[in-house]
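What follows is one structure encoded as structure tokens, with my remarks underneath.
From a predicted model like this one, the values you see are computed outputs, not experimental measurements. Letters A, B, ... mirror the listed sequences (proteins, then strands); counts begin at 1.
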Amino acid sequence: MPELPEVEVIRRGLEQTAIGRRIARVEVADDRVVSGPPEVLKSRLVGQSVQALSRRGKVLIIELEQDCLLVHLGMTGQLTFWDRKREDDAGFVRHPSTGLQRARQHAIDKHTHLWIRFEDGNGLHYRDIRKFGRIRLVSREERMCSPMLQSLGLEPFTEGYRLEPFERLLAGRKRSIKALLLDQHLVAGLGNIYSDEALFVAGIDPRRVASSLTRPERLRLFEAIPAVLARGIDLGGTSLRDFVNARGEAGGNQEELFVYGRTGQPCRRCQASIERIVLAQRSTHYCPVCQKAGIDGL
DNA sequence: AGTAATCCCTGGCAGC
DNA sequence: TGCTGCCAGGGATTAC
């Protein structure tokens, strides 16, 4: 489940490899991943070169000369650079015990729904097992009005990420704080993993009604969010199953998680058993001691 | 308007 | 061993 850190790790990888390359050919194997007719997408992309790689929340933005490709990886999306010199290293295998993919280049297979060939023979491969991801083509001018970007909330690591608007977005909200963190209108880029991690670092029970958070709790959460995201980026992203970076390599943050996926294991801070509940139709992990329920908790 | 439930999609895995 | 059924979840859509 690529969240902000995983998308950022991919962005940095592609920044090193894809910039300056000109598109010679585009193939779409499954129309459902693109918006609009694939033929229009293909004809517009061919001839344009990659200018820059940016990101908004979980959306990767491939900036071309006239247009932008907005890539949302959904649950299992992978965007990898195809290096023609590594062709002998094609294919990929799973590690026998962890199930994680090794650093092997992703050749085109039945889950590769779109791929780009550059004039130099290198390329980009978009692969997505569950097909929740989407790719959209927009012109450079109208990219910020695109439905994929326009309604996103505060962007961590930017000047716009400030406490006052964060608190305003929590005010009066009756939903659980966990559900609100998953909502991209509040903070862009948080998913199930980093929401649980941020609530642990802030010491807040995920079931708390958002508007009931005290001022110190709001501040702790506001600071915990970029902290857990930065840690995820530094460790190369979280690879629980499908995430790989632009080179096809797994990340390292899955070894360092505080609560996510650690049901029944000892809390790294107090040794209490990590619990799992379902909140907003999502599995939610927390430490019952470090994240004491408030008076409104269930 | 805010909130909650439903659906999409496939691989992995437990259970028989 | 092969089959069945469940689980994972981001976000669009629908319902209330």
Of A/R130 and A/L180, the one whose closest DNA chain B nucleotide lies more 5': A/L180

Apply salt bridge (charged side-chain N to carboxylate O under 4.0 Å, His left out) to A/E3 and A/K58, showing your working. CA-CA 6 Å; A/E3 304 177 30; A/K58 303 176 190 173; 5.8 Å; no

Measure the distance from CG on A/L240 to C1' on C/dG10 and round it to the nearest whole Å. 15 Å

Length of the line joining A/D128:CG and C/dG10:P, which is rounded to integer Å: 13 Å

Once you round it to whole Å, what is the distance between C1' of B/dG11 and CD of A/Q78? 13 Å

Does the base of C/dA8 carry an N or O that pairs as donor and acceptor with the side chain of A/R241 under 3.5 Å? no

Does either side chain, that of A/H285 or that of A/D196, offer a donor lying less than 3.5 Å from an acceptor on the other one? yes

When you get a sec, tell me which of B/dA5, C/dG10, B/dG11 is the closest nucleotide to the side chain of A/H111? B/dG11

Check this one for me: any side-chain N or O of A/R276 less than 4.0 Å away from OP1 or OP2 of C/dC7? no

Assess, by modelled atom type and distance only, whether the side chains of A/S195 and A/E197 contain a donor and an acceptor separated by less than 3.5 Å. no

A/D242 has an atom CG; how far is it from atom P of B/dT10, in whole Å? 14 Å

OP1, OP2 of B/dT3 versus side-chain N and O of A/R173: anything below 4.0 Å? yes

Separation of A/Q281 atom CD from B/dC8 atom P, in whole Å? 16 Å

Between A/Y260 and C/dG9, is there a side-chain N or O to OP1/OP2 distance below 4.0 Å? yes

Rounded to whole angstroms, how far apart are CG on A/D183 and P on C/dG10? 12 Å

For A/D67, side-chain contact (heavy atoms from CB on, under 4.5 Å) partners two or more places apart: A/R44, A/Q48, A/L137, A/S139

Once you measure the plane-to-plane angle for A/Y161 and A/F166, does it fall in the parallel (<30°), tilted (30-60°) or perpendicular (>60°) bin? tilted

Check the phosphate of B/dC9 against A/R32, side-chain N and O only, distance under 4.0 Å to OP1 or OP2. Yes or no? yes

Could you check A/K110 against A/A280 and say which one's nearest nucleotide on DNA chain B is further toward the 5' end? A/A280

Write down the distance between NE2 (A/H285) and C1' (C/dA8), rounded to a whole number of angstrom. 10 Å

Distance (rounded to the nearest 0.5 Å) between A/H125 NE2 and A/I108 CD1: 4.0 Å

In whole angstroms, the gap separating C1' of B/dG2 from CG of A/L169 amounts to 14 Å

Does the side chain of A/K131 get closer than 4.0 angstrom to OP1 or OP2 of B/dT10 through an N or O atom? yes

Residue of the set A/E275, A/K178, A/Q291 for which side chain to side chain donor-acceptor pair (under 3.5 Å) holds with A/Y286: A/E275

Under 4.0 angstrom, heavy atoms only, what part of the nucleic acid is A/S283 near: base, sugar-phosphate, or nothing? sugar-phosphate

Going by distance alone, is a donor N or O of one side chain under 3.5 Å from an acceptor N or O of the other, for A/S54 and A/E63? yes

Strictly under 4.0 angstrom, non-hydrogen atoms only: write out the protein contact profile of nucleotides 11-16 of chain C, one letter per nucleotide from the 5' end, B, S or -. B-----

